[in-house]
Number of protein chains: 2
Amino acid sequence: MSKAANTRLTILHKAFELIYTKGYQTTSIDEIIATTQVTKGAFYYHFKTKDEMGIAIIEEILKPTMQENFIKPTEASQNPVEDFYNMISYLLLEDPFLQVKYGCPVGNLTQEMTPWNNRFSEALAELVDLWKKKIINSIEKGKESGLIRKDVVGEQVAFFILSGYWGIRNFGKLQNDNSSYLVYLKELKVYLNGLK
Amino acid sequence: MSKAANTRLTILHKAFELIYTKGYQTTSIDEIIATTQVTKGAFYYHFKTKDEMGIAIIEEILKPTMQENFIKPTEASQNPVEDFYNMISYLLLEDPFLQVKYGCPVGNLTQEMTPWNNRFSEALAELVDLWKKKIINSIEKGKESGLIRKDVVGEQVAFFILSGYWGIRNFGKLQNDNSSYLVYLKELKVYLNGLK
DNA sequence: CATAAAAAATACTAGTTAGTATGAAAAAGC
DNA sequence: GCTTTTTCATACTAACTAGTATTTTTTATG
């Protein structure tokens with residue numbers, strides 16, 4: 001990787017970390033360049049504006065991470081109910097980057113940016129749509145193989161699962177411990193078993 | 001009401017509206033006093049700091065509103081499953097103040113403030129706890145009257161319902177229309193019927 | 001009506017914000 | 001090696017931020 005490409009990536013990664021923990025609006029460019037040891041000239045060479053950097057984070061960090069970490073792993077499997085539970089459970093309890101205190105990066109950005117920045121909305125919506133489609137697809141396969149009842153509606157379930165995930169992330173933030181996660185996961189299992 | 005008490009309330013109401021639509025951090029005191037036509041001197045006479053005003057909004061606006069609008073209405077009823085659905089459906093589709101585009105005020109504040117402001121966390125946690133307890137209570141009553149299965153765990157269901165609500169609010173923001181609400185509500189009905 | 005206290009108005013400060021202008025160093029192309 | 005382009009460094013600006021100091025007006029109370 002060229003040196004220039006490297007500084008660009010450094011900015012994206014460090015900025016993402018700051019934004020994840022502090023929020024987008026309250027993360028200043030001065031703070032980003034201070035922690036990256038990159039000068040303002042370098043920053044604005046790579047990104048025309050702060051928002052352009054924000055979009056780049058979604059496209060170049062969040063999207064690939066999602067693909068790698070919780071879409072691909074379910075690709076091979078055949079048991080949707082188990083997959084869904086494992087996916088959410090992994091994200092809540094085991095993912096080494098995500099922290100209870102700071103919630104879900106995609107959820108945070110959606111909440112913060114969506115009402116007044118269309119470019120963020122579009123980039124985030126695309127990302128979430130990928131995830132949703134993946135879930136719907138799993139359900140259809142499960143229906144074919146008989147692991148899921150025929151009257152289950154994929155889109156409804158997808159919204160229901162993802163909503164629950166985003167919502168419980170907020171509870172985690174509120175209490176700053178994972179006890180709410182554990183209670184939630186128990187009921188998620190009950191719900192998912194109802195799909196069989 | 002005294003004139004002073006009135007300006008205080010005006011500030012709280014207008015500030016809440018701004019914060020609901022724009023977020024807490026990005027709503028400036030200058031903006032609040034501009035829209036309220038109240039001077040800075042008046043503002044800082046009533047509130048020592050911006051954060052103190054934020055807490056007052058939670059205590060004096062959000063908490064009473066929640067009590068009035070979606071805790072009291074379920075007090076008389078006897079059918080929890082129906083109540084839960086109606087409560088969420090009302091909030092998502094009918095509440096005249098809440099807008100798809102701006103999500104849930106409590107959820108927004110939780111997401112934004114919780115990781116780094118303890119006073120906000122405590123005030124919000126108290127509010128949400130009231131709501132959660134109300135749901136748990138309804139479920140226990142439902143179990144007694146035979147409308148809900150005995151093996152249903154109240155706390156789990158409470159987390160599950162509230163998480164789903166917060167999460168789907170985020171989807172609404174993302175798409176800026178209530179189509180996701182409608183899909184979500186269908187699955188909520190399926191889930192709630194499973195409690196019978 | 002006089003006086004004290006409460007409520008509000010005005011002008012200011014020090015710090016922070018995103019972004020720019022300009023020039024220097026590093027790398028690439030010939 | 002020389003020139004051009006890419007990459008980065010430094011110093012700056014104008015607007016905005018929460019909060020303060022000080023004075024003036026309004027209201028309550030005797």
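All chains are named by letter (A, B, ...) in the order of the sequence lines, taking the proteins before the strands, and each is independently numbered beginning at 1.
One atom, CZ of B:Phe47, and another, P of D:dT20, lie 15 Å apart when rounded to the nearest Å. Distance, B:Gln25 CD to C:dT16 P: 15 Å, rounded to whole Å. A straight line from OH of A:Tyr24 to P of C:dA18 spans 9 Å, rounded to a whole angstrom. Taking atom CG of B:Asp30 as the reference point, atom P of C:dC12 lies 15 Å away to the nearest angstrom. Counting to the nearest Å, the P atom of C:dG19 and the CD atom of A:Glu52 are 10 Å from each other. The distance between atom CG of B:Leu18 and atom P of D:dT17, rounded to the nearest whole Å, is 12 Å. Rounded to whole Å, the distance from CZ on B:Arg8 to C1' on C:dA7 is 14 Å. The interatomic distance linking A:His46 (NE2) with D:dC8 (P) rounds to 4 Å, in whole Å.
At a threshold of 4.0 angstrom between heavy atoms, the contacts of A:Thr27 are confined to the sugar-phosphate backbone, with no base atom among them. Residue A:Thr39 is in base contact, counting any heavy-atom pair closer than 4.0 Å across all strands shown.
Nearer the 5' end of DNA chain D, as judged by each residue's closest nucleotide, is the contact made by B:Lys48, out of B:Lys48 and B:Ser2. Where A:Val38 and B:Gly41 meet DNA chain D, the nucleotide closest to each residue was compared, and A:Val38 sits on the side nearer the 5' end.
A donor-acceptor contact under 3.5 Å is formed by the side chain of B:Lys40 with the base of D:dG19.
Within the 4.5 Å cutoff, the side chain of A:Asn193 has heavy atoms near those of the A:Val81 side chain.
A cation-pi arrangement, defined by a distance under 6.0 Å to the six-membered ring centre and an angle within 45 degrees of its axis, is present between A:Lys50 and A:Tyr24.
The six-membered or imidazole ring of A:Tyr184 lies away from that of A:Phe171, with a centre-to-centre distance of 6.0 Å or more. B:Tyr20 and B:Tyr102 have their aromatic ring centers within a separation under 6.0 angstrom.
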